[in-house]
Amino acid sequence: MNIAVPTPPALDMLVQSDRARTTLYTDRALFEEEMVKVFENTWVWVAHASELAKPGDFKTAHVGLQPVIVVRDRKNAVHVHVNRCRHRAATVCEVAQGKTSSFVCPYHGWAYALDGSLRGVPFEAGYDGQLDKTQLSLRSLRVEEYNGLIFATFKDDIEPLVDFLGGAKKWIDLFIKQGAGFPLVSLGEHKFRFPGNWKIQLENTTDAYHFPLVHKSFLSAADRETEDSWDIMNKGGFVEDLGNGHSVMVMMPELVDLEENLDAPIPEKFEALAAELRADYPEEQVRRIVRAVGGCGFNLNLFPNLGCSAAFFRVLQPVSVDETEIRHVALGMAGGPAAANRARLRIHEFFQGPMGFGTPDDAEIWDRVQHGAQGGRDLWVMLHRGLSHEESLPEGGRRSDVSAETGMRAAYAQWKRLMGA
């Protein structure tokens with residue numbers, strides 16, 4: 001549930017209920033402020049549990065601009081530490097992902113256990129007994145997990161993660177069903193940077209309005225079944241505000257719950273896969289796997305940095321006011337059929353891969369938005385599409401048609417609450 005918080009008049013000049021100033025994309029001072037007020041005062045997604053499957057597994061990430069290490073300790077607990085030695089501030093890890101028994105600063109050799117505690121200091125006698133190692137652990141963030149999604153926050157007194165996720169929990173549970181009974185697992189990722197503000201991408205994952213225009217090349221290259229399935233403007237889809245800046249864009253209502261309608265005919269493009277799977281799996285399981293291969297029929301935006309987008313994770317990482325790093329994480333079925341995971345990877349490559357159709361098209365548009373925002377900085381970005389027929393839901397959210405900008409309005413309302421707190 002969103003709670004109304006009075007905001008300073010200056011914020012009302014930047015964000016209103018149906019519009020925002022382009023200075024949100026270009027103002028460097030505002031960017032620095034939101035890195036603290038937004039990213040350091042809410043739950044931020046940092047990892048999927050499959051990326052830390054065993055004790056000692058770790059990955060590096062960011063919470064806002066602060067570098068962190070996400071690691072599973074020997075007792076199977078997950079920790080998130082600021083990636084900064086307590087001695088002279090050097091990072092203690094520069095590897096993107098791996099396995100270790102400790103973190104050792106390369107500058108002076110201070111060694112930290114997986115739980116962040118300081119365990120060893122070379123030539124400790126030089127401190128004449130004045131070094132209290134118990135007070136010099138790595139700084140650790142609060143960590144909580146929901147259905148394999150790991151979040152961290154610098155704010156100790158924040159609401160529990162389940163409350164923050166609120167109405168999004170239902171959609172996370174539905175998204176996870178694309179494991180088809182197997183645990184969902186990261187199959188790898190690719191990352192790239194675009195010369196634009198992070199909020200441009202935040203808007204994009206919940207923007208169906210652009211799809212038939214920007215992604216014409218994808219639709220023209222796809223088979224007829226795929227082209228028909230992506231005729232998303234005419235299928236009764238919707239966008240819903242889930243509270244706390246989260247939103248869902250349902251593009252294919254028939255693919256919201258992947259465990260329903262398993263008796264439907266198998267699409268022609270998956271018939272060869274189904275035939276291969278029947279050698280090892282019963283028919284019901286074959287249908288469940290095949291139905292899950294293409295992913296869900298919706299995009300879920302989790303404010304401020306994660307998109308659970310149809311069949312993959314899209315993670316946004318602010319770099320500067322006019323640069324953002326994007327990670328596209330391909331997902332598969334842990335212990336599932338290799339043929340199904342290959343099919344998922346090929347689908348991922350076709351649209352979201354670095355040589356696919358979707359990513360280059362989107363990146364070009366994001367670049368153009370940032371470039372255009374330099375002109376007419378006193379002008380508004382319009383966010384009022386679908387507002388006139390937006391309906392209030394009994395549980396407190398709001399919903400409009402699939403092309404509505406409801407999700408963007410939800411994200412900017414949460415941005416405004418945090419910036420005004």
Side-chain angles (χ1 to χ4, degrees), residues 48-54 147-149 170-190 215 218-219 221-232 235 237 248 250-300 307-314 328-359:
H48 184 255
S50 67
E51 298 177 284
L52 313 163
K54 298 178 180 179
N147 210 343
L149 303 184
K170 161 192 169 182
W171 295 95
I172 294 172
D173 295 344
L174 288 167
F175 185 83
I176 298 301
K177 286 187 177 183
Q178 63 193 280
F182 300 96
L184 205 62
V185 62
S186 168
L187 296 179
E189 66 176 59
H190 71 278
H215 298 304
F218 162 72
L219 294 172
D223 59 81
R224 179 57 60 87
E225 280 183 327
T226 299
E227 184 179 6
D228 290 344
S229 68
W230 281 100
D231 182 19
I232 58 179
K235 287 193 169 183
V248 65
V250 174
M251 300 167 287
M252 304 172 194
E254 73 277 10
L255 293 178
V256 164
D257 191 335
L258 295 174
E259 293 182 352
E260 292 183 348
N261 201 26
L262 293 179
D263 292 333
I266 292 175
E268 182 180 350
K269 62 186 176 183
F270 292 138
E271 285 180 352
L273 172 63
E276 183 175 353
L277 295 175
R278 288 188 181 104
D280 300 303
Y281 298 94
E283 183 64 22
E284 183 177 354
Q285 193 170 6
V286 167
R287 289 178 170 272
R288 189 179 183 191
I289 293 169
V290 169
R291 185 169 168 82
V293 162
C296 302
F298 60 86
N299 285 358
L300 172 65
C308 300
S309 185
F312 66 100
F313 292 142
R314 173 183 277 171
H328 284 158
V329 183
L331 300 171
M333 308 168 190
N341 283 335
R342 283 197 303 271
R344 286 182 63 92
L345 281 173
R346 298 297 86 79
I347 292 171
H348 181 89
E349 290 166 350
F350 188 69
F351 189 79
Q352 293 298 345
M355 299 299 291
F357 285 90
T359 293

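Any value given below was found using the heavy atoms of this structure, including those in side chains, with hydrogens, waters and symmetry copies removed. Given the structure is predicted, the values throughout are model-derived calculations rather than measurements.
Residues satisfying the side-chain contact (heavy atoms from CB on, under 4.5 Å) criterion with Phe312, sequence neighbours excluded, are Ser309, Arg314, His328, His348, Gln352. A search for side-chain contact (heavy atoms from CB on, under 4.5 Å) contacts involving Ala274 returns Ile266, Arg278, Val286, Val290, not counting sequence neighbours. Residues satisfying the side-chain contact (heavy atoms from CB on, under 4.5 Å) criterion with Pro183, sequence neighbours excluded, are Ala334. Partners of Ser50 by side chain to side chain donor-acceptor pair (under 3.5 Å), not counting sequence neighbours, listed by chain and number: His48. Every side-chain contact (heavy atoms from CB on, under 4.5 Å) that Leu187 has, sequence neighbours left out, goes to Val185, Ala330, Asn341, Leu345.
The minimum heavy-atom distance between Leu255 and Gly295, with the atom names listed, is CD1-O, 4.5 Å.
Side chains of Ile289 and Pro337 form a contact here, defined as non-hydrogen atoms less than 4.5 Å apart. Using a 4.5 Å heavy-atom cutoff, the side chains of Trp171 and Cys308 are not in contact. Side chains of Leu277 and Phe270 form no contact here, defined as non-hydrogen atoms less than 4.5 Å apart.
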Run the side-chain contact (heavy atoms from CB on, under 4.5 Å) test on Met333 and Val293 for me, step by step, so that the C-alpha distance in whole Å, both residues' side-chain angles and the decisive distance to 0.1 Å come before the verdict. CA-CA 9 Å; Met333 308 168 190; Val293 162; 4.3 Å; yes

With salt bridge (charged side-chain N to carboxylate O under 4.0 Å, His left out) as the test, would you mind laying out the steps for Arg287 and Glu283 before giving the verdict? CA-CA 6 Å; Arg287 289 178 170 272; Glu283 183 64 22; 3.1 Å; yes

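Note that CZ of Arg291 and CG of Asn261 are 5.0 Å apart. Values are rounded to the nearest 0.5 Å. The distance from atom CZ of Phe298 to atom CE of Met251, rounded to the nearest 0.5 Å, is 9.0 Å. Interatomic distance, CZ of Arg342 versus CD1 of Ile347, reported as 13.0 Å (0.5 Å rounding).
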N/O donor to acceptor pairs below 3.5 angstrom from side-chain atoms of residues 173-180, sequence neighbours left out:
from: Asp173; atom 1: OD1; to: Tyr146; atom 2: OH; distance (Å): 2.9
from: Asp173; atom 1: OD1; to: Asn147; atom 2: ND2; distance (Å): 2.9
from: Asp173; atom 1: OD2; to: Tyr146; atom 2: OH; distance (Å): 3.0
from: Lys177; atom 1: NZ; to: Asp257; atom 2: OD1; distance (Å): 3.0
from: Lys177; atom 1: NZ; to: Asp257; atom 2: OD2; distance (Å): 3.1
from: Gln178; atom 1: OE1; to: Arg344; atom 2: NH1; distance (Å): 3.3
from: Gln178; atom 1: OE1; to: Arg344; atom 2: NH2; distance (Å): 2.6
from: Gln178; atom 1: NE2; to: Phe175; atom 2: O; distance (Å): 2.9
from: Gln178; atom 1: NE2; to: Ala310; atom 2: O; distance (Å): 3.3

